[in-house]
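Note that the coordinates shown come from a computational prediction; the quantities given were computed from them, not determined experimentally. Both ligands and their constituent atoms are indexed starting at 1 by order of listing.
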Amino acid sequence: MPLSLDKLCIHTITTKPWDLETAARKYGAAGVKGMSIWLDAARGFRGGMAEAGRMVRQEGLDIVSYVRGGFFTALEGADRQKAMGENKKIIDEAAELGAPLIVLVVGATPGQSLFESRKQVTEGLAAVLPHAEAAGVKLGIEPLHPMYADSRSAVSTLGQANAICDALDHPNLGITLDVFHVWWDDQLETGIKNAGEKGRIFSFHICDWKDQPDDMLNDRGLMGEGVIDIAQIRRWVRAAGFSGFEEVEIFSNRYWAMDQDEFLEKIKDEYLNLP
Ligand code: ZN
């Protein structure tokens with residue numbers, strides 16, 4: 001359905017071999033319209049956050065999100081406090097950068113239940129949301145595939161993310177939906193509808209899940225290369241009122257080893273080929 005690149009955003013991690021400046025120049029020249037910036041890429045830019053933001057916008061790119069905050073869970077209260085402080089710092093960086101949204105990988109801690117971890121996530125969010133609101137930055141909970149529920153995210157489904165959003169009911173809190181993490185969920189359509197009704201779908205990530213990946217983290221596929229019905233999920237997301245950027249986020253040893261200019265062309269082709 002996409003006839004143009006107007007909604008195409010790429011995450012800096014997707015072209016990890018490029019530094020921020022190179023990525024911005026290359027994306028801009030290729031006609032890509034949005035960029036989501038990872039912490040390492042932004043912090044590696046010498047001129048500071050505000051200057052990094054200016055540089056990216058000068059290439060004709062909207063900054064879609066800053067990736068990523070979260071990791072609110074820990075066995076010790078002192079460590080949870082530290083995480084809240086770290087998130088406030090990330091919120092300040094996003095504001096300086098001019099990024100309207102921070103993507104959150106909320107955290108999970110071995111040695112405590114996922115219920116306890118989700119409670120800590122809710123507490124952590126409650127503690128930082130006023131800071132986010134004052135800074136004019138939104139926070140998007142990204143449910144992660146349950147294979148990451150050991151130590152990355154106690155939130156595995158859109159239903160769980162919706163429940164936390166319901167509990168906190170804050171306009172700066174919503175959801176980042178990534179097809180890689182949620183495609184298997186038989187409640188996905190309902191979850192998207194519920195999130196949409198409350199104006200909570202803040203961002204949308206696309207890539208593919210390869211049949212038999214070589215690596216559970218760094219072998220994501222390009223759109224069309226795997227088993228996810230991306231077109232269906234996108235129809236649901238659009239029907240729920242989301243009309244923002246479609247963000248290509250791919251961690252792949254295979255693609256990082258490739259010539260990145262050729263990879264960028266492949267991303268554009270596959271994006272335009274999406275039914
Ligand atoms: Zn994602």
Practice prompt. Using side chain to side chain donor-acceptor pair (under 3.5 Å) as the criterion, point out the one residue from Lys7, His205, Arg234 that pairs with Glu246.
Written response: Arg234
Worksheet item: Hey, what's the ring geometry for Phe251 with Trp256, parallel, tilted or perpendicular (30° and 60° as the breaks)?
Response: tilted
Discussion item. Keeping to distances under 2.8 Å, can you name the protein N/O/S atoms close to the Zn ion (ligand 1)?
Written reply: Glu142 OE2, Asp178 OD2, His205 ND1, Glu249 OE1
Worksheet item: Once you round to the nearest 0.5 Å, how far does CD1 of Ile164 lie from NZ of Lys119?
Response: 12.5 Å
Discussion item. With heavy-atom distances below 4.5 Å as the criterion, would you say the side chains of Ile13 and Arg68 are in contact?
Written reply: no
Practice prompt. Go through Arg200 and Asp166 one step at a time and tell me if the salt bridge (Lys or Arg N to Asp or Glu O under 4.0 Å) criterion holds.
Written response: CA-CA 10 Å; Arg200 248 180 221 160; Asp166 282 340; 2.7 Å; yes
Worksheet item: CG/Leu125 to CG/Leu173 distance, rounded to the nearest 0.5 angstrom?
Response: 5.5 Å
